[in-house]
Structure formats: C-alpha cells, structure tokens
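The residues of the chain are indexed from 1 along the displayed sequence.
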Amino acid sequence: MTSKLTLVSHTLCPYVQRAAIVLIEKGIPFERKYIDLANKPNWFKQISPLGKTPVLLAGESPIFESSVICEYLEETANPKMHPANPVKKAQHRAWIEFSSSILNDIAGLYNAIDERGFNEKSRQIKNKFSQLENVLESGPSIIGGSFCEENFAGPYFSGERFSLVDAAFGPVFRYFEVFDTFYAGGWFNEFPKLKNWKNNLMKRPSVQQAVSADYENNLLVFLQKRHSYISDLLLHEKEIQH
C-alpha cells in the first residue's frame with residue numbers, strides 16, 4: 001500500500017473506531033482528520049455521499065462506509081484478519097453485521113425519552129448478548145474459531161487470532177464501559193463468556209488507541225445533551241456524587 005491514508009473521523013463515531021482498529025492492527029501509517037458532523041464542511045459532503053464518517057482517503061480517492069473500508073484494508077494489507085475458509089469468512093462478515101444491529105440498539109437506548117423505552121432497548125440488547133453468549137459457547141461448528149467443544153477458549157472471537165469481528169465489537173463494548181460509570185445495568189452479569197471477551201478486547205492496544213484520551217468525557221457530555229432518559233440517569237448520578 002503506497003498511497004497516503006487519511007481517516008476522516010468524528011470523535012465519537014463507533015464506525016470510525018472499527019477502521020482505526022484495523023489500521024492499527026495492520027501497522028498501516030495513517031492520519032486522522034476530524035470533522036463536526038453537525039457542521040459538515042463542503043469538501044466532506046463531496047466525498048461522503050451519505051454524509052457519514054468514516055471516510056478513508058487513499059491518496060485523493062475516497063472510500064466510504066466502515067465495512068467497505070475494512071474489507072479494502074483486508075485485501076491490501078497483512079496480516080489477514082478474516083479466516084481463509086470461505087464459509088467461515090462469510091460467517092464472520094455476518095457477525096460484523098450483527099454488531100451493527102447492536103450499535104443501532106445502543107443509539108435507541110441513549111435516545112429513549114422515558115424509562116419504558118429505555119428498558120425495552122435494554123431488553124433487546126441483552127437478547128442479542130444472549131445470542132452471542134450461546135455462540136461463544138457452541139464451538140467451532142458455528143463461528144469457526146479455535147474453541148473448546150463446550151466453552152469459550154478466547155481470548156478473542158476466533159480464539160487466539162484477533163479478527164475483523166473483534167474490531168467491530170470493540171466499539172460496541174466500549175459504550176458499556178462508559179455506561180457502567182453512572183448506571184449499574186448489569187449488562188454482562190448473565191453472560192460470563194461475553195464478559196470475558198469484552199474484557200480482553202478492552203485491553204487490546206488497537207482498541208484502546210482507536211479513540212482519543214478524552215473519549216469518555218466527550219461521550220458523557222454527548223449523553224447529557226440528549227435530553228433523554230439516559231441523560232436523567234447521568235444527571236442523577238452527578239447529584240449523588242456531589
């Protein structure tokens with residue numbers, strides 16, 4: 001890969017984090033260029049047809065959509081992060097899509113205006129966590145990794161090898177690291193395998209480096225401005241602390 005790479009980013013975008021994790025894992029030099037999605041510059045509108053981040057500039061050629069960016073990096077740089085087997089590779093791509101559905105649920109969670117809506121989104125997320133827990137326990141016939149026959153061997157989705165699925169779920173789990181600072185949701189209490197996977201991902205240098213040092217504070221400020229049920233939870237926790 002010879003073109004200079006620039007990752008056009010927003011500080012809180014989980015899909016930007018996916019691309020950053022893959023770039024870091026592959027040891028590819030890149031620059032970050034941050035924009036304000038509430039005040040998009042004209043040059044950004046010209047390279048992002050959907051008006052979303054991330055966009056990867058390979059030289060002057062824009063590539064948009066995080067899944068496409070990650071696949072481009074997979075095709076053009078080592079080490080490979082997808083399984084070589086076509087069926088297992090397809091399964092991994094499917095679980096990446098599954099992670100996107102959880103990100104949509106998380107957006108619904110922090111935008112829920114009342115407790116009822118918040119609890120419903122919490123239930124949907126935990127149902128998906130239950131599906132993941134079952135997959136992690138089911139062994140190699142389903143997710144195609146180096147697993148024991150009955151238990152999650154880890155530390156990652158496919159055992160010892162960090163994959164694009166891990167890159168996709170790192171940003172998912174990061175949300176709950178922040179939520180846990182002001183709301184005891186018990187998100188992973190019933191899912192020990194999932195919790196183990198989450199903890200391993202949160203220790204991974206590429207996952208840690210995918211966001212800036214002030215990410216947690218920026219997310220808390222963002223949540224407080226939602227004027228939603230989660231904003232009330234955050235405000236209540238601050239009142240308790242003071």
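- Although no hydrogens or angles enter the test, the distance criterion places no donor-acceptor pair under 3.5 Å between the side chain of Gln124 and the main chain of Asp105.
- Side-chain N or O atoms of Asp166 include none that pairs as donor or acceptor with a backbone N or O of Phe162 at under 3.5 Å.
- Taking the centre and axis of the six-membered ring of Phe188, the NZ or CZ atom of Lys198 falls inside the cone set by 45° and 6.0 Å.
- Proximity of a side-chain donor or acceptor of Glu74 to a complementary backbone N or O of Met81 within less than 3.5 Å is detected.
- A donor-acceptor contact shorter than 3.5 Å links the side chain of Ser122 to the backbone of Phe118.
- Counting heavy atoms from C-beta on, the side chains of Ser231 and Leu223 never come closer than 4.5 Å.
- For the atom pair Leu57 CG and Trp43 CH2, the distance stands at 7.0 Å (nearest 0.5 Å).
- Taking 4.5 Å as the limit, every side-chain heavy atom of Tyr110 sits out of range of all side-chain heavy atoms of Tyr229.
- The nearest pair of heavy atoms linking Gly170 to Leu201 is N-CD1, 4.0 Å.
- Scanning both residues, Thr6 and Lys33, for their nearest heavy atoms gives CG2-CB, 3.9 Å.
- Remark: side-chain polar atoms of Asp214 are not paired, donor with acceptor, to backbone N or O of Asn217 under 3.5 angstrom.
- Between Leu5 atom CG and Leu73 atom CG the span is 7.0 Å, to the nearest 0.5 Å.
- Contact record, Pro62 with Val55: CB-CG1, 3.9 Å, taken as the closest heavy-atom pair.
- With values rounded to the nearest 0.5 angstrom, Arg123 atom CZ is found 13.0 Å from Leu109 atom CG.
- Cation-pi geometry between Arg174 and Tyr215 is met: under 6.0 angstrom from the ring centre, within 45 degrees of the axis.
- Put simply, Met202 and Ile24 are part of the same group of oily side chains (I, L, V, M, F, W, Y) that touch within less than 4.5 Å, one to the next.
- Two residues are said to be in side-chain contact when any heavy atoms from C-beta on lie closer than 4.5 Å; Arg18 and Leu103 meet this criterion.
- Hydrophobic clustering places Val68 together with Tyr72 (ILVMFWY residues linked when any side-chain heavy atoms are closer than 4.5 Å, directly or through intermediates).
- Lys40 NZ to Gln46 CD: the interatomic distance, rounded to the nearest 0.5 Å, is 14.0 Å.
- Not less than 6.0 angstrom separates the ring centroid of Phe173 from the ring centroid of Phe179.
- Below 30°, between 30° and 60°, or above 60°: for His82 and His92 the angle between ring planes is above 60°, a perpendicular geometry.
- Of the inter-residue distances, the one linking Leu23 atom CG with Leu56 atom CG reads 6.0 Å to the nearest 0.5 angstrom.
- The environment of Ile113 atom CD1 is sparse: at most 12 non-hydrogen atoms of other residues, nucleotides or ligands sit within 6.0 angstrom.
- Residues Trp187 and Asp180 are in side-chain contact: their nearest non-hydrogen atoms beyond the backbone lie under 4.5 Å apart.
- Under the 4.5 Å side-chain criterion, counting only non-hydrogen atoms from C-beta, Lys193 is not in contact with Leu132.
- In this structure, the side chains of Val211 and Asn218 stay at 4.5 Å or more apart for every pair of heavy atoms.
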| task | Check step by step if ring-ring contact (aromatic ring centres under 6.0 Å, His included) holds for Trp197 and Tyr156. | result | CA-CA 6 Å; Trp197 180 29; Tyr156 305 116; 8.9 Å; no
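- Heavy-atom minimum distance, Asn200 versus Pro155: ND2-O, 3.0 Å.
- Between Phe191 and Ser130, the closest side-chain pair of non-hydrogen atoms falls below 4.5 Å.
- Closest approach of Arg32 and Ser9 over heavy atoms only: CB-OG, 4.4 Å.
- Centroid-to-centroid, the aromatic rings of Trp95 and Phe169 stay 6.0 Å apart or farther.
- The shortest distance between side-chain heavy atoms of Lys52 and Tyr15 does not fall below 4.5 Å.
- Counting all heavy atoms, side chain and backbone alike, Ser101 lies closest to Lys128 at OG-NZ, 3.2 Å.
- By the 4.0 Å N-to-carboxylate-O rule, Glu25 lies close enough to Arg204 to be salt-bridged with it.
- Atom SG of Cys13 and atom OH of Tyr34 lie 11.0 Å apart (nearest 0.5 Å).
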